Peer 1: 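Okay, handing you the structure first.
On a predicted model such as this, the values are computed, not experimentally measured, just so you know. Each ligand, and each atom within it, is numbered from 1 in the order the structure gives. In this chain, numbering begins with 1 at the start of the sequence shown.
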Amino acid sequence: MRVGILGSGLMGGKLGTIFARAGHEVVFSYARSKDKLKKLARDARGNASAATPSEAADYADALLLAVHWSRIEDVLNQTGDLSGKAVVTCSLPMNDDNSELVVAHTSSGAEELAMRLPNARVVSAFNTIPSEVLFGVYEARRTSTRPSLVYCGDDKASKAVAAELIRDVGFDPLDAGPLRIARYTEPFALLVAELAYELEGGPELAYTFERFTK
Ligand SMILES: NC(=O)c1ccc[n+]([C@@H]2O[C@H](COP(=O)([O-])OP(=O)(O)OC[C@H]3O[C@@H](n4cnc5c(N)ncnc54)[C@H](OP(=O)(O)O)[C@@H]3O)[C@@H](O)[C@H]2O)c1
């Protein structure tokens, strides 16, 4: 898959690196320094390059949106039209000091994004896990018990894209249903972050759900 990274910080930098190592073609974009993007591309040791958000959007089959909520408008203004693109968002709708959600209960960051991008195919994923666990999960991907990672969305094809990326990182993808479920997964992401940073075990924490199947 060709994956464009919009926001190459803790989440975008690490996930983009893992996607490249898992065999995808990755374009890093949107950081304050072009040298940082180039270094990420070099260090990814796979098929990776650095570009502008608009080049990344043109090139990619799927885009990972990994910017602070306050930067969403800015980055979307730079990507241009995203019609038909699978947009996998890990961005949580947080206020400036990251102390609370600014969208919750009756909507979610993912649903607001889908309204902002009516012709794109938005999936919410990768936001219920601290970035610190990502490389460890990738390294342990061949073990039999993988941690779960929930995702949700309304478009079947882009959900398949998200599930593939989640699996490639080393998680067991857990389809949580339609995009409106992000109203519950986004606050859950805050719970996971609290547990990861406040409790013993720290950011190594990754969660597992029991399957409820017939
Ligand atoms: N970190 C986590 O563990 C975690 C977990 C779950 C969800 N999330 C969500 O994921 C999203 C990204 O989080 P993050 O921790 O990866 O954030 P981050 O490390 O701050 O990365 C954000 C990216 O945006 C870039 N950026 C910020 N302002 C910019 C500007 N004016 N011009 C160009 N680029 C700019 C940053 O550039 P620089 O690289 O130059 O700083 C960085 O590459 C957030 O919405 C967060 O809620 C994060």
Peer 1: For atom 25 (C) of ligand 1, tell me which residue out of Y30, W69, Y197 has the closest non-hydrogen atom.
Peer 2: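 Residue with the shortest heavy-atom distance to the ligand atom: Y30.
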Peer 1: Within the 4.0 Å heavy-atom shell around A31, which atoms of ligand 1 are there?
Peer 2: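 Answer, ordered by atom number: 33 (C), 34 (N), 37 (O), 39 (O), 40 (O), 43 (O).
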Peer 1: Kindly identify the option in K14, R32, K34 whose heavy atom sits closest to atom 41 (O) of ligand 1.
Peer 2: R32
Peer 1: Nearest protein heavy atom to atom 11 (C) of ligand 1, by residue and atom, and its distance?
Peer 2: V67 O, 3.5 Å
Peer 1: Side chains of N95 and S99: donor-acceptor distance under 3.5 Å anywhere?
Peer 2: yes
Peer 1: Counting non-hydrogen protein atoms only, what is the nearest one to atom 6 (C) of ligand 1? Give residue, atom name and distance.
Peer 2: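 That would be N127 O, 3.3 Å.
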Peer 1: Is there a side chain to side chain donor-acceptor pair (under 3.5 Å) between T128 and Y207 once you walk through the steps?
Peer 2: CA-CA 9 Å; T128 53; Y207 55 85; 2.6 Å; yes
Peer 1: When you check the side-chain N and O atoms of S107 and E112, is any donor under 3.5 Å from an acceptor?
Peer 2: yes
Peer 1: Please name the pair of heavy atoms, one in N77 and one in R116, separated by the smallest distance, quoted to 0.1 Å.
Peer 2: OD1-NH2, 3.6 Å
Peer 1: Just distances here: any N/O of S8 and N/O of ligand 1 closer than 3.5 Å?
Peer 2: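 N/O-N/O distance below 3.5 Å exists for this pair.
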Peer 1: When you measure from the heavy atoms of A189 to every atom of ligand 1, does any distance fall below 4.0 Å?
Peer 2: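 Not so, A189 does not reach ligand 1.
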Peer 1: Of all the non-hydrogen atoms in the protein, which one sits nearest to atom 3 (O) of ligand 1, and at what distance?
Peer 2: S131 N, 2.8 Å
Peer 1: Could you check atom 31 (N) of ligand 1 against the protein and tell me its nearest heavy-atom contact, residue, atom and distance included?
Peer 2: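 Looking at atom 31 (N) of ligand 1, the protein heavy atom closest to it is R71 NH2, 3.1 Å.
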Peer 1: Numbering the atoms of ligand 1 from 1, which are under 4.0 Å from a heavy atom of S91?
Peer 2: 45 (O)
Peer 1: Looking just at side-chain N and O atoms, do H24 and N47 make a donor-acceptor pair shorter than 3.5 Å?
Peer 2: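 No.
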Peer 1: I want to know whether F171 and Y138 have ring centres closer than 6.0 Å.
Peer 2: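 No, too far apart.
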Peer 1: So is F126 polar-close to ligand 1, meaning N/O to N/O under 3.5 Å?
Peer 2: no
Peer 1: Tell me whether H68 contacts the main-chain N or O of S91 through its side chain, where contact means a donor paired with an acceptor under 3.5 Å.
Peer 2: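 Looks like no, no N/O pair under 3.5 Å.
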Peer 1: Give the atoms of ligand 1, by number and element, whose distance to some non-hydrogen atom of P130 is under 4.0 Å.
Peer 2: 3 (O)
Peer 1: To the nearest 0.1 Å, how far is atom 16 (O) of ligand 1 from its closest protein heavy atom, and which atom is that?
Peer 2: M11 N, 2.8 Å
Peer 1: Between ligand 1 and I129, can you find any atom pair, the residue atom being a heavy atom, that is separated by under 4.0 Å?
Peer 2: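 Right, I129 reaches ligand 1.
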Peer 1: Under a 4.0 Å threshold between the charged nitrogen and the carboxylate oxygen, would R180 count as salt-bridged to E111?
Peer 2: no
Peer 1: Taking R121 as the fixed residue, which of D154, D61, D155 is the one that meets the salt bridge (Lys or Arg N to Asp or Glu O under 4.0 Å) rule?
Peer 2: D155
Peer 1: Give the numbers and elements of all ligand 1 atoms closer than 4.0 Å to a heavy atom of K36.
Peer 2: 38 (P), 39 (O)
Peer 1: Among all protein heavy atoms in this structure, tell me which lies nearest to atom 17 (O) of ligand 1, with the distance rounded to 0.1 Å.
Peer 2: L10 N, 4.5 Å
Peer 1: Measure across V27 and A51 and return the closest heavy-atom pair with its distance rounded to 0.1 Å.
Peer 2: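 Smallest interatomic distance, heavy atoms only, reads CG1-CB, 3.4 Å.
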Peer 1: Of all the non-hydrogen atoms in the protein, which one sits nearest to atom 46 (C) of ligand 1, and at what distance?
Peer 2: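 Here the nearest protein heavy atom works out to L92 N, 4.1 Å.
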Peer 1: Tell me, which protein residue and heavy-atom name are nearest atom 22 (C) of ligand 1, and how many Å apart are they?
Peer 2: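 Result: A66 O, 3.8 Å.
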Peer 1: I'd like to know if the side chain of R2 reaches the main chain of V26, judged simply by a donor and an acceptor atom lying under 3.5 Å from each other, with no hydrogens or angles considered.
Peer 2: no
Peer 1: Quick one: does atom 8 (N) of ligand 1 have a protein heavy atom under 4.0 Å from it?
Peer 2: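 It does: a protein heavy atom is found less than 4.0 Å away from atom 8 (N) of ligand 1.
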Peer 1: With hydrophobic residues grouped by side-chain heavy-atom distances under 4.5 Å, do V67 and V88 end up in a single group?
Peer 2: no
